[in-house]
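Positions are given from 1 along the sequence. When a ligand or atom number is given, it counts from 1 through the structure's own listing order.
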Amino acid sequence: MIPGDDVSDYDLVVRGGTVVTETTRRTDIGILNGKIAAIGSDLQGRETVDASGLLVLPGGVDSHCHIEQLRPEGGTDEETFLSASISALAGGTTTVIPFSVQFKGQPIRDTLAAYHRLARNALVDYSFHQIITDPTDAVIAEIPEIVASGIRSLKVFLTYDPLYLDDRQYVRVLAAARRAGALVTVHCENYEAIRWRSAALVADGRVAPKYHVWSRPPAVEREATHRAIALAELVDQPIQVFHVSCSEVAEEIARAQARGVKVWAETCPQYLVLTSADLDRPGFEGAKFMCSPALRDAATRDALWDDITSGVLGIVSSDHSGFSYDGPRGKRMNGSDAAFPDIPNGLPGIGSRLALLFSEGVGKGRISLKDFVRLTASNPADLFGLAPRKGRIAVGADADLALWDPTKQVIITNALLQHAIDYTPYEGMAVTGWPVMTVLRGRIVMRDGTVQAAPGSGTFLPRAPYDFIQPAGVLADGFDASAFA
Ligand code: URP
Ligand code: ZN
Ligand code: ZN
């Protein structure tokens, strides 16, 4: 394991930490030229970090986060690549996959080029999912070129004006992804059902934030998930279901997985930690907890842990989608008495994802340490074609590490998270376990909460074809309609 006997074989040695790989053990990590060059004992480096008493985890991979995303009404999200990177690194995450969004009437290549420009400020490594809102013939024709540029995942919404796709449009995107070799990720909620219930709630004067939950009960999410899977099966195209909020939806996914359908799914800390009761806080405070799918009741939240331990939900991403409480782009953009359909959806969480899952999951005995690493780093790296470079502590991988103090007790405050958003839904929550150092490609980029990295030091990660995106090879009647439309 130890190449040579020079006293400085490595640029950096992380010494004596409990390294979580396939086998968890106390050992050293030797880093050379930004890569993990050795895992073993008594390694010598030009710089040494004492990790005794700490866990050494792979840097987190957040495969679903909205950063500086262009908005349909113009402008961008408040969270920039700079601020999101700082929050990510402070929280132990080193790789992110945010979204380039194509709006109706726009060519994909223009929006993708704009997004590449915005990402030049990143301090973390990144790839993109490409959102398709308008699968016209011209847009579909662009997909092979976009995918070949390393964007191996497309994203579609089955709800939200003006983003949602109808069934025909969704099938066309699935078919285009199949031809080009990309995964499709899906926001599963039934657009028409939500519109119908929302209109009725508003007509009845039920407009407070808590009625957001009433507008989209689990059946709305379950129906769309079932449909998304059935149509993906029809096309024989692998998909991932985003932000599963409850077991009722996970059951649809488990059934399809048991049939051999290539469908994977994620959930997010908010569905494991918060509840619908949070939307009923006094005044307008409930708006701080409005996301879609909506938060569920406490019993449903508690049951969701079983779906991550069973492996049905293989990833815990943040779905970081920051809207400040105040300000012209925030939750109150339409006033403090805005009806729930006029309040933007989404919660900030890029910096709190790992600490919440560690404390509530590992700390409370709900998941193992290995599960934690799988859910937050290895599985997202595998599913999105970033392995073997990202997601694991292994010789040859990028030296992306989170040095974690498993005993550190922290009360979450917004300031600690260092994002651009003016609140966190987890304010005041006590957690045990916190990252004390983050290493990206061998550079120490965060020490005791202070992030030190130059804007632009993050790199784009183009993704090559990989196994997860290969179709299962099961087509009704053996007929591949995707070859024609
Ligand atoms: O409410 C949410 N989740 N907002 C972010 C956008 C999305 O649907 O993922
Ligand atoms: Zn979504
Ligand atoms: Zn999202």
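- Shortest contact from atom 6 (C) of ligand 1 to any protein heavy atom: H66 NE2, 3.4 Å.
- Closest protein heavy atom to atom 4 (N) of ligand 1: N345 O, 3.4 Å.
- When only modelled atom types and interatomic distance are considered, E252 and T225 share no side-chain donor-acceptor pair under 3.5 Å.
- Shortest contact from atom 1 (O) of ligand 1 to any protein heavy atom: S292 N, 2.7 Å.
- Below 4.0 Å from some heavy atom of H187 lie the following atoms of ligand 1, by number and element: 7 (C), 8 (O).
- By the 30° and 60° cut-offs, the orientation of the rings of F157 relative to Y160 is tilted.
- Cation-pi contact between R332 and Y325: present, with separation from the ring centre below 6.0 Å and deviation from the ring axis of at most 45°.
- Using a non-hydrogen distance threshold of 4.0 Å, M290 does not register as a contact of ligand 1.
- Counting only heavy atoms from C-beta outward, the side chains of V186 and V241 never approach each other to under 4.5 Å.
- Summary: OD1 is the N/O/S atom of D319 found nearest to the Zn ion (ligand 3).
- Using a 4.5 Å heavy-atom cutoff, the side chains of I315 and V61 are not in contact.
- Rounding to the nearest 10°, we obtain 90° for the angle at the Zn ion (ligand 2) between H187 ND1 and H243 NE2.
- Protein heavy atom closest to atom 5 (C) of ligand 1, with residue, atom name and distance, is S321 OG, 3.4 Å.
- Of the protein's heavy atoms, D319 OD2, 2.7 Å lies nearest to atom 3 (N) of ligand 1.
- Remark: K155 fails to qualify as a cation-pi partner of F242 under the 6.0 Å distance and 45° angle criteria applied to the six-membered ring.
- Near F157, meaning under 4.0 Å from one of its heavy atoms, ligand 1 places the atoms 8 (O).
- Contact between F242 and ligand 1 is absent, with no heavy atom of the residue lying under 4.0 Å from the ligand.
- Using a 4.0 Å cut-off between charged nitrogen and carboxylate oxygen, R366 and E360 count as a salt-bridge pair.
- Between R206 and D204, at least one side-chain N (NZ, or NE/NH1/NH2) sits under 4.0 Å from a carboxylate O, which counts as a salt bridge.
- Classification of E427 and K288 as a salt-bridged pair fails, no side-chain N sitting under 4.0 Å from a carboxylate O.
- Of all atoms in ligand 1, listed by their number and element, those nearer than 4.0 Å to a heavy atom of C291 are 1 (O).
- When non-hydrogen atoms are compared, ligand 1 lies under 4.0 Å from the side chain of H243 (C-beta onward) but not from its backbone.
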